[in-house]
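Here the structure is laid out as structure tokens; the discussion comes afterwards.
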Amino acid sequence: MSENLLPKTYDFSTVEERIYQEWEKRGFFKPTNDPHQPGFDPDRRPFVISIPPPNVTGELHLGHAMFVAMEDLMIRYHRMKGIPALWVPGSDHAGIATQLQVEKMLAGEGLKREELGREEFVRRTWDWKHKYGGMITRQIRRLGASCDWDRERFTLDDGLSKSVREAFVRLYEKELIYRGPRMINWSPGLKTAVSDLEVEYSEEPGFLYYFKYVLADDPETFIPVATTRPETILGDTAVAVHPEDERYAHLVGRKVLVPILNRAIPVIADDYVDKAFGTGALKITPAHDPNDYAIGQRHGLEVINILTPDAAINEHGGPYAGLDRFACRKKIWADMQEAGLVIKEQPYTLNVPRSQRGGEIVEPMISTQWFVEIKPLAEKALAAVRDGQIRIVPERFTKVYYNWLENIQDWCISRQLWWGHRIPVWYCDDCGATLVARQDPTSCANCGSAKIRQDEDVLDTWFSSGLWPFSTLGWPEKTADLDYFYPTSYMETGYDILFFWVARMIMFGLEFTGQVPFHTVYLHGLIRDGNGHKMSKSKGNVIDPLGLMDELGTDALRFTLLVGSTPGNDMNLSPKKVEANRNFANKIWNAGRFVLGTLDAAPEQAAAEPQWTLADSWIWARLQNLEREADRLFSGFQYGEAGRQIYDFFWSEFADWYLEIAKLQMADGGDRAYYTAQTLARVLDSCLRLLHPFTPFVTEELWGHLKSTCQQKPGAYQPKEGWAEMLIVAKWPEPQAAGAWEEEKVNDFSLLQEIIRAVRNLRTEKKMTPGKRIAATFAAGERLPLLQAQSKTLAALAYIDPQQLTIVENLAEKPQDQASLVVAGVEVYLPLTGMVDMASEQARLQKELDETQSQIERLEGLLSSPFGQKAPAAVVDKERQKLANFKETAASLREQLQGLK
RNA sequence: GGGCGGUUAGCUCAGUUGGUUAGAGCGCUGCGUUGACAUCGCAGAGGUCGUAGGUUCGAGUCCUAUACCGCCCACCA
């Protein structure tokens, strides 16, 4: 029993790192058909995933753990199917996040970004990246990620920077990139423009301020106007009313005076105005409101920007210049009150736009920025999903995707940051020319002047991430990798970045490579805490995956994430669940330990052809069924359900039943023991394979022991295709069509289980000397052959003394003073120890009979209803069979009741 | 304003071509430990599947309406 030197409890802490290094060292993370290796076969199609690149600033959170677990499962599954599998890892420079992080670090040294200057700041950010950037990838390795680390990329490395440059220039040359003043979202804290997607709206209490716009030539007459942002009055260039609003019709065309500043502005009429809202008159600030901007365009209004980059009032604000926007709001309102211009203020719920990163209130502002004209790209991206070139899982997200792309606005791609891909545009100070170039120019292509300077801005981080599936494979170079591995297969990520990232990859992929970047988008849900709340540092409910792995093991965490989630649905994670799955890992370990022990004890050869027992056939049939189910569920992306079924099979069927029976069969010795050991090893082997994509470490470790045990022992189990080097590259169990014999074996065994459970139940209920073997009598009727054949198993699992076990077809006389029951037509009698409580025994049987009787009535009703005619014959037969069984049971119960009297 | 998801056992959730007694884990109750595992075993209690209609021989599953919770998009000052 040498193998039982294995520890009684699975100790993941000594296993995980060793196994991971072994996999990596032996090169299993690399695709088996690599274009860089001799013997490469371009016709063997690969399976490819590009990792969603985590931020270099990142620390592992459960969102990362989720996608790593899911993608690793997908990769391992395909790898085991013999498909060359490539998982390209990497990380994202994450412009804003990283810049903020480094600024925070510098602040600790009392330094400011502006004081250091751009060049020095970028240098320090690279230092920071080199120092801490590896942390996230180390943590991803801990999760067991089988990425090809030799192909690891960073969005700001040379190759990817080249891709970004190429993409920008191509779009510019196609006139799909332009620069100009447009309404953008300005983040005053970050001092940069951000895209629409980076703004989040939150409902917050505020006020609606009502005030007077007095006529320029008649101070007694005014138009009442309401606003939520009084400071924007400083930028007003018109007051608008609805054309059909008779209250104000006579004032259209007149001039009114901007409060405090006393600028005269026109009263205009525009359909946009809602007569019913507020006062029905709308102040127009074209520079600081998107709708006002549109109205301003229609009416040729002046655009007055009143804000500085940090959202203080600028020189256009007259006496308020230099004041912060919110200080100005208070001050101007107080001043207006004094001037008698205020009507009232009313509590009002605002929908405040805030920066997704910094959290501060974002200001709509006219600013000169770079944009991608996105409609032409969006159309192709829409078509690719519509015509099925790309499938989104779960399917409902296609609608969301369509909706967004159909209403898409031009994408603001410039950011006023220092960390990122600098916009490849130069301006000539001498001739004013704009130069856009793949190579950094040293002089003006137009006039030859050396006095050129590069645009200060960098690109939105998502611009480079949008290229990720092909830039990581070498694009725009025509590399062997790009040729072979592109388009990739699945894009697996959270639904929260469907627009940010997925849609942009599709647009860019089609635009730059003429192909879809992947054919399937699999979206997982978000991880919430045990109560369904979003995890956040401020709430203090963040669960740290590293802590969970330390405490409960990587396999437990992975299994929890994979099995607890369904596509596109959020999941709540609690440590309790992970603990339960730690127990499962331990169960696998111990079942494995037992099997290894029996293999050692088994004979080295058999004398004859196998005579399979019912249990052998049953477990084999169930395993085949499991393999078919796993295959069906995997191809339908139902990984969670597949995991659950494997779990159930392993624990409730293999461990709870077959292992117990195997102990008996081993005790028989000889051929029985030999073939039992074969079955044990075979089923364990298959289970480890099926489980490996979910729980790679414990299965690999155990499989290693299984392999060496079998290899050392003559006559031991061998997989059909021989032993693979390690489980990670072992063959995935291919499902076989169901054999005709399977159903009968499964039915017979189920019946046996039912009888055993019933006996155990009765023993418990009657409190019959626990742990002691008892006598039993079975009147089996037509089940006689089955029970006789299975008498040993029956006795052992139902704790019956084999010497006192009686199995007959029918009893002439019902035994007296016995507890009895009927199950599936088999009558069971157990001697009652102690006092026979006739009354309670009678009551119990009567209750049984009543229940059976009501089932009979239910089924008779059902069968005489139209169901009997219209339902398929197979379904009806099943019910008829049930009815017959119940009737048989009822008859037996009645006899037993008679016997008691 | 538009769209989506959820509502199933005390708690957290499965349940994908509609098949007739609805499942798991945790928790709970009772019993059990010299041989794979107490991170365990055996047995048990616990649900009119949000509500109201409809389709069907048959609905947790399909349709319609509705309530509550959550999310996304749009951004009426």
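Throughout, protein chains are lettered first and strands after them, A, B, ... in sequence-line order, and every chain is numbered starting at 1.
Test A/D555, A/L561, A/I646, A/T560 against A/F694 for side-chain contact (heavy atoms from CB on, under 4.5 Å) and you get one pass: A/I646.
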Start with the C-alpha distance between A/S854 and A/E851, add both sets of side-chain angles, then the distance that settles side chain to side chain donor-acceptor pair (under 3.5 Å), and finish with yes or no. CA-CA 5 Å; A/S854 74; A/E851 278 170 20; over 6 Å; no

Test log, rule side chain to side chain donor-acceptor pair (under 3.5 Å), inputs A/D570 and A/Y495: CA-CA 10 Å; A/D570 295 350; A/Y495 66 75; 2.8 Å; yes

Please report the C-alpha distance between A/R354 and A/E200 in whole Å, then the side-chain angles of each, then the deciding distance to 0.1 Å, and finally whether the salt bridge (Lys or Arg N to Asp or Glu O under 4.0 Å) criterion is met. CA-CA 5 Å; A/R354 288 182 177 275; A/E200 286 173 348; over 6 Å; no

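Of the listed nucleotides (B/C73, B/C40, B/A14), B/A14 has the atom at the smallest distance from the side chain of A/E641. Distance from the side chain of A/A655 is smallest for B/A36 among the nucleotides B/U39, B/C73, B/A36. Between B/A43, B/G25, B/G70, one nucleotide has an atom nearer to the side chain of A/R528 than all others, and that is B/G70. In the set B/C37, B/C57, B/C76, B/C76 carries the atom at the smallest distance from any side-chain atom of A/N291. Comparing B/A14, B/G25, B/C42 by their closest approach to the side chain of A/Y647 singles out B/G25. Among the nucleotides B/A77, B/A14, B/C26, the one closest to the side chain of A/T228 is B/A77. Taking the side chain of A/T227 as heavy atoms from C-beta on, and the options B/G5, B/G19, B/A77, the nearest nucleotide is B/A77. Of all nucleotides listed (B/C75, B/G5, B/A36), B/C75 comes nearest to the side chain of A/Y201. Closest to the side chain of A/N583, out of B/A77, B/G41, B/C40, is B/C40. When each of B/A43, B/C40, B/G5 is scored by its nearest atom to the side-chain atoms of A/R396, the top-ranked nucleotide is B/G5.
Between B/C4 and A/K399, a contact under 4.0 Å exists linking OP1 or OP2 to a side-chain N or O. For the OP1/OP2 pair of B/A14 and a distance below 4.0 Å, the side-chain nitrogens and oxygens of A/R644 include no atom meeting the criterion. Checking the phosphate oxygens (OP1, OP2) of B/C26, no side-chain nitrogen or oxygen of A/K577 falls inside 4.0 Å. Within the 4.0 Å cut-off from OP1 or OP2 of B/C57, at least one side-chain nitrogen or oxygen of A/K870 is found. Contact annotation: A/N761 side-chain N/O to B/G44 OP1/OP2 distance is under 4.0 Å. Here A/W651 reaches the OP1 or OP2 of B/G41: one of its side-chain N or O atoms lies under 4.0 Å away.
Evaluation of atom-type donor-acceptor distances gives a pair under 3.5 Å for the side chain of A/N351 against the base of B/C75. No hydrogens or angles were tested; on distance alone, nothing pairs the side chain of A/K8 with the base of B/C37 as donor and acceptor under 3.5 Å. Not a single donor-acceptor contact under 3.5 angstrom links the side-chain atoms of A/Q645 to the base of B/A24.
Atoms CG and OG, from A/L863 and A/S865 in turn, are 7.5 Å apart once rounded to the nearest 0.5 Å.
A/Q638 comes within 4.0 angstrom of a base, heavy atoms only. Note on A/Y348: only backbone sugar-phosphate atoms sit closer than 4.0 angstrom, heavy atoms only; bases stay farther off.
Along RNA chain B, the nucleotide nearest A/T566 and the nucleotide nearest A/V225 are compared for position; the residue whose nucleotide lies closer to the 5' end is A/T566. Between A/F277 and A/P872, the one whose closest nucleotide on RNA chain B sits nearer the 5' end is A/P872.
Ring to ring, A/F211 and A/Y213 are close: their centroids are under 6.0 angstrom apart.
In this structure, A/K663 satisfies the cation-pi test against A/F594, with its NZ or CZ atom closer than 6.0 Å to the six-membered ring centre and inside 45 degrees of the ring normal.
The shortest side-chain heavy-atom distance between A/K878 and A/Q881 does not fall under the 4.5 Å cut-off.
B/C31 and B/U12 have their P atoms separated by 30 Å, given to the nearest Å.
Consecutive pairing runs in RNA chain B reach the stem threshold at B:1-7 with B:67-73, B:10-13 with B:23-26, B:28-32 with B:40-44, B:50-54 with B:62-66, where a stem means at least three Watson-Crick or G-U wobble pairs with distances under 3.5 Å.
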